[in-house]
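Step one of this worksheet: look at the structure below.
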Amino acid sequence: MSDGSEDCPVLHVDMDAFYASVVLRGRPELAGVPVVVAGGGDRGVILCATYPARRRGITSGTPTAQARRRCPELVVVPPDFAAFAEASGAVFEAFASVTPEVEPLSQEEAFLHVGGARRTGTPRALGETVRARVVERVGITCSVGVAATRSVAKLASRRAKPDGLVVVPPTEVRAFLDPLDVGELWGVGPSTRARLERMGVTTVADARRLPLELLQAALGRAGGAQVHALLRGAEGGRLHAAFRPQERQRSIGSDRTLARDVGDAEELHGVLLGLTLGVTARARRAGLVASTVAVRVRYPDFTTVSRARTLAEPTATTRDVHALAVHLLDDLRDPGRAVRLVGVRLAGLRDTSGHAEQLALGDPERGWRHTDEAVDRVRQRFGSGALARATLLDTPAAAAPPQAAAEAPGPDATGWWSW
DNA sequence: TCTGGGGTCCTAGGACCC
DNA sequence: TCTGGGGTCCTAGGACCC
């Protein structure tokens, strides 16, 4: 990506232990104590660990149960997503006060392009300004990496943690990267790292000696090209999805790890309905319909399988999606095995505005959509608890593919929902 | 007490069409 | 009748990131 990057340094700003820091703002008595933010109960994992907890070997992704065993005095705090969103908004306001070119990566992380702001100071000084403003306005610390490219700035901020700043000038990129383990590169995960290790390389300096063709043969066309670029401190082709925030969302999904493994079909259909309600409501809120519905199942041994079906007519109707999801699940699942997780995802999203109205007035399909819309309105006004699902009154119909279900919606059209 | 939930992108193979 | 190639869409699974 050639954007005159030498003249336009990039700041990568990353909040330090963001979720935990937000929680700790109001709990000064927990300073210095190993604290983690974790939800999900017995089968959950750590969302965020404070630095005292990290020194005990607990990082995000660690199973909560394992963390408790490793550190009996661990303080486990449930996530407060509303507080995270509020803090995130304040953080991004602080970013915007330094440069208008803010590229968000997540709730707690962004690239700041400061080429246009350089008159007001060196990149290092701008980075320190960001850090000071974030602390001042939000009360939590962040770390900043400065480099000519995003991929190096990202590594630099990691080096700066916690509560620091690291500048890697273009002339020092090689020296900075050379000793790193290839697994530290952004986009090189455990699988790619293992493959490289089998090729005899573990450090960036070693891996850089591998020709592009060899990397592509081992890692695939795109993957090989990406690693080749990252080893040189260049941007790489696909860095992160959030680099194109202007593009429309590709999919909307939800999955649930069950409190215990479940083999009962009815129970799984019920879970699927709950997930479908959420997913279709999100699609409708965004003004999107989906042409593909996918269902996923994870077995206790962690093998994960999926089934997807593309529809002739895109939909965001709860009943249609649920009917198809149930069909896919029953087709996919080995009835002799209990499942650990089920999920549903909508893909092939497009704007409702471009979705031609194909249905005649009086078509039962309209009824379903209007039912969904009415429910959406009630929930928007009174909260999602205002409407609860009663029972699935038409299980046989709901289990049929949508075209069959639409032919015979039956008198239950008003019974789907209850107050 | 092993392993969450939200996503994106890539690859490979098959179907289908020209 | 046989053979080949290219393009596109769909599906299933993997890898990765926060």
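Throughout, a chain's letter reflects where its sequence line sits, starting with A, and its residues are numbered from 1.
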Evaluation steps, side chain to side chain contact (heavy atoms under 4.5 Å, CB included), between Glu108(A) and Phe84(A): CA-CA 9 Å; Glu108(A) 48 143 324; Phe84(A) 301 154; over 6 Å; no
If you measure from CZ on Phe81(A) to CG on Leu47(A), what distance do you get to the nearest 0.5 Å? 5.5 Å
Output for pair (Leu177(A) CG, Leu230(A) CG), nearest 0.5 Å, gives 9.0 Å
Closest-nucleotide ordering on DNA chain B, the 5'-leading residue of Arg221(A) and Ser251(A): Ser251(A)
Tell me: OH of Tyr19(A) to P of dC18(C), nearest whole Å? 12 Å
Using a 4.0 Å heavy-atom cut-off, does Gln107(A) contact any base of the nucleic acid, only the sugar-phosphate backbone, or nothing at all? nothing
Output for pair (Gln226(A) CD, Gln216(A) CD), nearest 0.5 Å, gives 11.5 Å
When you check the phosphate oxygens OP1 and OP2 of dG13(C), does a side-chain N or O of Thr304(A) lie under 4.0 Å from one of them? no
His327(A) atom NE2 is separated from dT11(C) atom P, nearest whole Å, by 12 Å
Look up atom CZ in Arg131(A) and atom OG1 in Thr141(A), then write down how far apart they are to the nearest 0.5 Å. 7.5 Å
Glu128(A) with Arg124(A): basic N within carboxylate O range, under 4.0 Å: no
Taking Arg209(A) first and then Asp206(A), would you say they form a salt bridge - that is, a charged N and a carboxylate O separated by under 4.0 Å? yes
d(CG, Leu328(A); C1', dA12(C)) in whole Å: 13 Å
Considering only dT8(B), dA12(C), dC18(C), which nucleotide approaches the side chain of Arg250(A) most closely? dT8(B)
Can you tell me how far P in dT3(B) sits from the matching atom in dC18(C), rounded to whole Å? 23 Å
Whole-Å gap separating C1' (dT11(C)) and CG (Leu311(A)): 14 Å
Between the protein and nucleotides 3-6 of chain B, which nitrogen or oxygen pairs are less than 3.5 angstrom apart?
| from | atom 1 | to | atom 2 | distance (Å) |
| --- | --- | --- | --- | --- |
| dT3(B) | OP2 | Arg340(A) | NH1 | 3.4 |
| dT3(B) | OP2 | Arg340(A) | NH2 | 3.4 |
| dG4(B) | OP1 | Arg340(A) | NH2 | 2.6 |
| dG5(B) | OP1 | Thr257(A) | N | 3.4 |
| dG5(B) | OP2 | Thr257(A) | N | 2.8 |
| dG5(B) | OP2 | Thr257(A) | OG1 | 2.6 |
| dG6(B) | OP1 | Ser254(A) | OG | 3.3 |
| dG6(B) | OP2 | Asp255(A) | N | 2.6 |
| dG6(B) | OP2 | Asp255(A) | O | 3.4 |
| dG6(B) | OP2 | Asp255(A) | OD1 | 3.3 |
| dG6(B) | O3' | Arg282(A) | NH2 | 3.1 |

Given atom CH2 of Trp186(A) and atom P of dT8(B), what is their separation to the nearest angstrom? 15 Å
Assess whether a salt bridge exists between Arg337(A) and Asp301(A), defined as any Lys/Arg side-chain N lying under 4.0 Å from an Asp/Glu carboxylate O. yes
Does Arg195(A) place a side-chain N or O at less than 4.0 Å from the phosphate oxygens OP1/OP2 of dA15(C)? yes
Whole-Å distance, Arg307(A) CZ to dG13(C) P, equals 6 Å
So, is Thr192(A) close to the dA15(C) phosphate, meaning a side-chain N or O under 4.0 Å from OP1 or OP2? no
Check the chi torsion on dT1(C) and let me know: syn if it falls within 90° of 0, anti if not. anti
For Arg150(A), is there an ion pair with Glu235(A) - N to carboxylate O distance below 4.0 angstrom? yes
Expressed in angstrom and rounded to an integer, what is the separation of His12(A) atom NE2 from dC17(C) atom P? 13 Å
Taking the six-membered ring of Phe302(A) as reference, does the NZ or CZ atom of Arg298(A) fall below 6.0 Å from its centre and within a 45° cone about the axis? yes
Starting at the 5' end of DNA chain C, what dot-bracket string do you get if Watson-Crick and G-U pairs under 3.5 Å are bracketed, crossing pairs use [ ], other-strand pairs use | and unpaired bases use dots? ....||||||||||||||
Would dC2(C) be called syn or anti here, given the cut-off of 90° from 0? anti
To the nearest Å, give me how far apart NZ (Lys154(A)) and P (dC17(C)) are. 9 Å
Check whether any side-chain N or O of Ser306(A) sits under 4.0 Å from OP1 or OP2 of dA12(C), and answer yes or no. no
